[in-house]
Every structure is written in C-alpha cells, then in structure tokens.
Amino acid sequence: MIRQLRRVLGPEHQREYTRFLVWASVYGVLQGFAVSLLVPIARSLADGDWAATWRWIGVLAIAVIGCGIAHYVQAMRAFGVALVVLRTMHLNIGDHLVTLPIGWFAGKTGSVAQVASKGTMAAGSAAAHLMTPVVIGMAAPASVTVSMFFFDWRIGVALLVAAPLIALAARIASSFIAKSEHATHRAAAESSERVIEFARCQPVLRAFGRTSDTGYAPLRDAIKVQQTVARRTMVESVLGLALNGLAVQLVFTGLVVLAAVLALGGELSGIDLLALLGVATRFVQPLMEIGEYGGALRQVRGELTRIQGIMDTRPLPEPSQAAAVSAAGTVEFDHVDFGYVPGTPLLKDLSLTVPPRTMTALVGPSGSGKTTIIRLIARFYDVDAGTVRVGGVDVRDQTAEDHMAQLALVFQDVYLFDDTLRENIRLGRPDATEAEIDEAAHLAGVTEIADRLPAGWNTRVGEAGSALSGGERQRVSVARAILKRAPIVLLDEATAALDPENERYLQRSLETLREHATLIVIAHRLSTVVNADQIIVLNDHGRIAERGSHDDLLAQGGRYAAFWHERSSIRGWRLAAGATPHTGSS
Ligand SMILES: Nc1ncnc2c1ncn2[C@@H]1O[C@H](COP(=O)(O)OP(=O)(O)OP(=O)(O)O)[C@@H](O)[C@H]1O
C-alpha cells in the first residue's frame with residue numbers, strides 16, 4: 001500500500017510523502033527503543049547500581065521526549081499528505097481522464113464516478129489514519145529486535161525468528177479473507193446494479209405486470225447470492241482473524257517460555273524476566289494492530305488498485321508537432337481494419353472518400369458498423385490498420401484540440417447539461433454572439449421550444465435534458481452544431497419515425513449545414529438518403545457493398561435498388577442483414 005500510495009500521488013509530492021514515512025518510522029523506532037530500555041533499567045536496579053539506573057532513566061526520558069516530538073511531527077505530516085491526496089488526486093484523475101480515448105468510457109461511467117469519489121476519500125483517510133499504525137507496526141518490532149541484541153542476544157534471536165512467522169501467518173490470513181472479500185465486493189456490485197436496473201425499468205416492469213408481488217427475479221437472485229456470500233465472508237473473516245491472533249499469541253507464549261527457561265537456568269533474574277515480558281508485549285502489540293487494520297488496509301488497497309488502473313490506461317498518443325490541415329472538410333478511410341475485440345475485426349479493408357461540402361449517407365444492416373465509422377472519424381478509438389484522415393491529415397498526427405475543432409457531432413444519445421436552453425446551445429461556440437445563437441436556434445427549431453416553455457429561454461432543461469423530448473433534445477444538439485460552424489458534421493439521425501415538426505426542422509438544419517460543411521449522416525430517413533451526394537451501403541461483413549448516388553445505385557440494380565423498390569412506399573427504412581428485409585419501423 002505504501003508503494004501504491006506513492007504511485008498515485010505523482011512525482012511532485014514524493015518528497016512530502018517520504019518525509020512523513022521517515023517521521024513515522026522514527027516514531028516507531030523510538031517507541032521500540034524506549035520499551036527495550038526496560039531491560040537495562042531492570043538489570044541495573046537488580047544489581048543495586050543506582051548510577052547506571054539513573055543513566056538509563058535519563059536515556060529513557062530522552063527517548064520519550066523524542067517519541068513525543070516524532071509523534072507530533074508525523075501526525076502533522078500525515079494530515080499534510082492526506083490533504084495533498086484529497087486536493088490533487090481528483091485533479092490527477094481528471095487530467096488523465098481527458099486524455100483517454102472516448103471509447104474507453106463505454107460502460108465505465110459508474111465505476112469512474114465511484115473511483116473518483118469513494119476511491120480518493122479512502123486514499124486520503126488511509127494517509128491520515130492507516131499509514132501511521134502500519135509504519136509503526138513494522139518499525140517498532142524491528143527496533144525492539146535490534147535493541148534486544150544489545151541487551152540479551154538470545155531474546156534478540158528469538159524475536160528475529162518470531163517476526164517472519166507472524167508476518168507469514170498474517171499474510172495467509174489476509175489472503176484467505178481477501179478472497180472472500182473479493183467475492184463479497186462482486187456480489188454487492190451485482191446487486192446494486194440490479195437495484196438501479198429495477199428502479200430504471202419500473203415503467204417496463206409495471207407494463208408487463210412485474211410488480212412487487214411477482215418480484216423481479218434478477219434482483220431477488222442477486223440479493224440471495226449477496227447474502228450467501230456475506231455469510232461465508234463473515235465465517236472466513238473470523239477464521240482468518242483467529243489464525244492471525246493465534247500466531248501472535250503463540251509467538252508471545254514462546255517468548256515467555258524462553259524467558260522462563262532462561263530464568264530457571266539462572267541466566268536471567270526475576271526482574272529481568274518481568275522486563276522481558278513487557279518488551280515481548282510491546283513487540284507483539286503493533287503486529288496485532290496491523291492484523292486488526294487488515295480489512296481497512298485491503299479496502300484501501302482495492303481502491304488504490306482501481307485508481308492505478310485508470311492512471312495506467314494509456315492516453316491516445318498525440319504528436320509532438322501537430323500536422324496542419326491540408327484539405328479542410330475532407331474525410332478519408334484508407335484500407336482501415338478495426339474491431340472492438342482484438343482478433344474480431346468489424347471493419348475490414350474499408351476505404352472511402354468524402355469530398356468537402358458534400359453529404360454522405362451511411363446505410364446498412366443493424367450492427368454493420370455505421371456508428372463505428374463515425375466513432376473512428378471522431379477518434380473515439382484508433383484503427384487496427386490503415387489510416388483515417390480528417391482534413392487531409394491522419395487523425396493520429398493531429399492534437400485532440402485541432403482534430404475536434406474540425407468536427408461537430410450530433411448523436412442519438414444527446415447530452416444536455418442542466419442549464420438553460422441558451423447556455424446549452426452556447427456550448428457549440430462559447431464566444432458566439434447572442435444574435436448568432438438566436439440564428440442557430442431559429443434554424444434548428446429551438447426558438448419554438450423556448451416559446452412553449454414556461455420560463456422561455458431561461459428554462460432549465462433538467463438533468464441530462466430530461467425536461468425535453470428526444471426530438472427536442474436533438475434540435476438543441478443540431479443548433480450547437482450549426483453554431484460551431486465546424487467544417488465536418490457527423491450526424492446520427494435519431495430515428496426514422498420523426499414527427500412532422502421535428503422532421504421539418506431537421507430537414508431545414510441539414511440544408512443549412514450542407515451549405516458550409518461536409519455532412520456524414522447515419523441515415524434513417526428516406527429524404528436524407530435520396531438527397532445525399534454519396535450513399536455508402538455497408539454489408540454485414542464490415543465491408544462496403546455498394547457506393548454511389550441514389551440514381552447510380554438504382555441504375556446498378558443491386559441490393560440497394562432491390563430494397564429501394566421494396567421499401568420506398570413507406571417512410572423510413574433500413575437495409576436488413578442477409579437477404580431478409582428489415583421490416584421494423586426504422
Ligand atoms: N463499445 C463496443 N464494444 C464492443 N462492441 C461494440 C461496441 N460498440 C459497438 N459494438 C459492436 O460492433 C458492431 C457494430 O456496431 P455499430 O454500432 O457500429 O453498428 P450500427 O451499424 O451503427 O448499428 P445500428 O444501426 O443498429 O445502430 C455491433 O455488433 C456492436 O454490438
């Protein structure tokens with residue numbers, strides 16, 4: 001844990017941390033030394049040598065004063081380190097998170113939040129409360145052992161043999177408990193996920209009559225597993241603690257027996273024996289304390305491992321010198337291979353070119369990789385082979401800032417901040433004038449939303465935009481994109497089944513965006529596909545099946561043409577995998 005804490009603190013706080021460790025060790029060593037002085041004091045008393053007795057008492061007084069000073073300094077330093085942990089760890093984690101590929105966050109938002117809050121608190125309190133007993137638990141027995149070599153080498157040897165035995169027993173007990181604690185942690189995480197699911201899915205569960213009478217089986221099962229695992233953990237923890245306690249007691253008993261044997265053989269006086277018993281007690285007590293802190297130590301170690309896991313995740317490599325954009329508004333895929341799972345390629349040898357200020361529609365069966373293409377353009381992930389060029393330059397040769405400056409993203413899962421409509425649009429370009437915001441809002445149809453809301457433009461949109469409908473949220477997101485004036489707009493049409501109002505605004509926005517920007521759209525609406533300059537039809541093997549304009553593809557008489565003829569009678573469509581047309585509303 002000492003090493004883990006050092007790693008997560010970062011290089012700039014190493015000196016502070018080392019100073020704390022030194023003072024805590026000095027405190028532990030002085031404690032052990034002070035206790036060991038009982039032996040020479042007892043011996044000189046037994047010998048009736050008052051001068052030596054007072055001399056040793058003087059040394060004890062100095063050691064005790066030293067202990068007090070070391071205690072104070074190490075406590076202040078421990079709080080200093082704890083404050084540094086709390087102050088800097090959030091910043092370190094935050095600074096690191098912004099360098100990670102966006103794709104890394106998929107499915108991790110819950111655990112990242114947990115680590116950033118609970119993990120840093122645990123690390124901070126470990127520095128303030130746990131490190132001192134741990135360091136003393138190691139330093140004091142070591143100091144007692146070394147001191148005993150000066151006063152009675154036989155006891156010194158006995159302590160030297162005993163220490164590793166106690167450490168071994170503690171390690172066995174700890175690994176025993178850690179295994180069951182790990183299972184408890186997993187079971188607890190599973191049932192809390194099921195509880196969240198249960199709360200979130202209430203409308204669905206109620207709609208299907210899965211109320212509390214019938215219960216929600218996954219949650220019930222998860223709780224049952226958690227209870228079983230918790231029972232087992234309790235038993236195993238008690239056994240582990242008992243093993244630890246037994247080992248310490250056995251060592252203590254061994255030391256008492258050894259001292260008694262020496263006393264009986266006339267090698268030690270009665271007063272020597274009493275002094276050694278005191279020393280032996282002080283030897284085992286810190287070791288016992290380390291065992292008692294075992295649970296808390298393992299918990300902190302787990303949190304530090306999770307923090308370290310985030311900090312060890314490699315950021316997207318950035319070039320030391322950014323390449324300048326050479327062909328603004330173009331997007332190229334050059335023999336790209338990509339898969340989310342190593343060894344399972346999704347896109348294979350994919351090449352495509354999107355000229356500036358054109359509109360490209362991506363169509364294909366569900367799961368064919370349309371969203372993945374958009375994510376690669378935005379560099380959520382790096383390709384496995386080939387090159388993705390944005391603005392004529394490999395995305396890996398651009399800084400994240402230069403790269404993202406060329407893109408505006410309108411995704412299905414639009415995230416709005418719990419702020420006013422106006423501030424949510426302003427996010428697209430913070431230095432935009434009020435008139436520019438008004439214009440973007442008007443084009444995307446947000447003005448009409450504001451007119452309807454009770455506080456107009458000043459209405460807060462709620463957590464993640466919960467006060468707006470899906471179509472309205474997308475209109476705000478489109479307004480952001482219009483305001484940004486990025487040369488390339490990536491847009492995932494929310495759904496084929498937009499209501500006429502949202503449909504009209506989206507159509508108008510696309511036309512506006514098209515005047516200045518390159519548009520790459522995951523197209524669900526017939527009108528988008530027909531109006532595109534280029535249609536890329538993906539097959540379900542991660543390759544491009546057909547490409548061209550609507551007229552070209554109809555003339556080719558291939559798969560697109562077949563589906564077109566079949567589906568053009570309904571609004572909204574999507575190519576389905578294999579030979580079976582997709583018959584849903586999308
Ligand atoms: N983060 C991820 N990790 C692992 N696999 C993923 C991830 N995201 C997508 N996939 C898988 O990659 C494949 C392609 O997904 P993608 O979202 O690109 O398809 P799509 O053509 O956009 O589908 P749809 O039209 O249904 O939205 C799917 O099989 C999907 O399950």
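When a ligand or atom number is given, it counts from 1 through the structure's own listing order. Computation of the quantities below employed the complete heavy-atom set of this structure, encompassing side-chain atoms and omitting hydrogens, waters and symmetry-equivalent molecules. Just so you know, residue 1 is the first one in the sequence shown, and it goes up from there.
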| remark: Looking at Ser366, Pro365, Gly369, the heavy atom closest to atom 26 (O) of ligand 1 belongs to Ser366

| remark: In terms of its nearest heavy atom to atom 3 (N) of ligand 1, the top option of Phe380, Phe338, Tyr340, Tyr381 is Tyr340

| query | Of the listed options (Lys370, His524, Arg375), which comes nearest to atom 8 (N) of ligand 1 when hydrogens are ignored and any heavy atom counts? | reply | Arg375

| query | So is Ser368 close enough to ligand 1, meaning a heavy atom under 4.0 angstrom away? | reply | yes

| message | Walk me through whether Arg514 and Asp533 qualify under salt bridge (charged side-chain N to carboxylate O under 4.0 Å, His left out). | response | CA-CA 11 Å; Arg514 205 172 168 177; Asp533 301 293; 3.2 Å; yes

| For Thr372, the ligand 1 atoms whose distance to one of its heavy atoms is below 4.0 Å | 14 (C), 15 (O), 16 (P), 18 (O)

| message | Show the atoms of ligand 1 that are less than 4.0 angstrom away from any heavy atom in Leu346. | response | 12 (O), 13 (C), 14 (C)

| request: Compare all side-chain heavy atoms of Arg396 with those of Arg379 and state whether any distance is below 4.5 angstrom. | output: yes

| message | For the backbone of Lys348 and the side chain of Asp337, can you confirm whether one donor and one acceptor N or O come within less than 3.5 Å of each other? | response | no

| note | Partner of Tyr560 under side-chain hydrogen bond (donor to acceptor under 3.5 Å, both in side chains), picked from Glu546, His550, Arg547, is His550

| said: Between Glu423 and Arg426, does any side-chain N to carboxylate O distance fall below 4.0 Å? | reply: yes

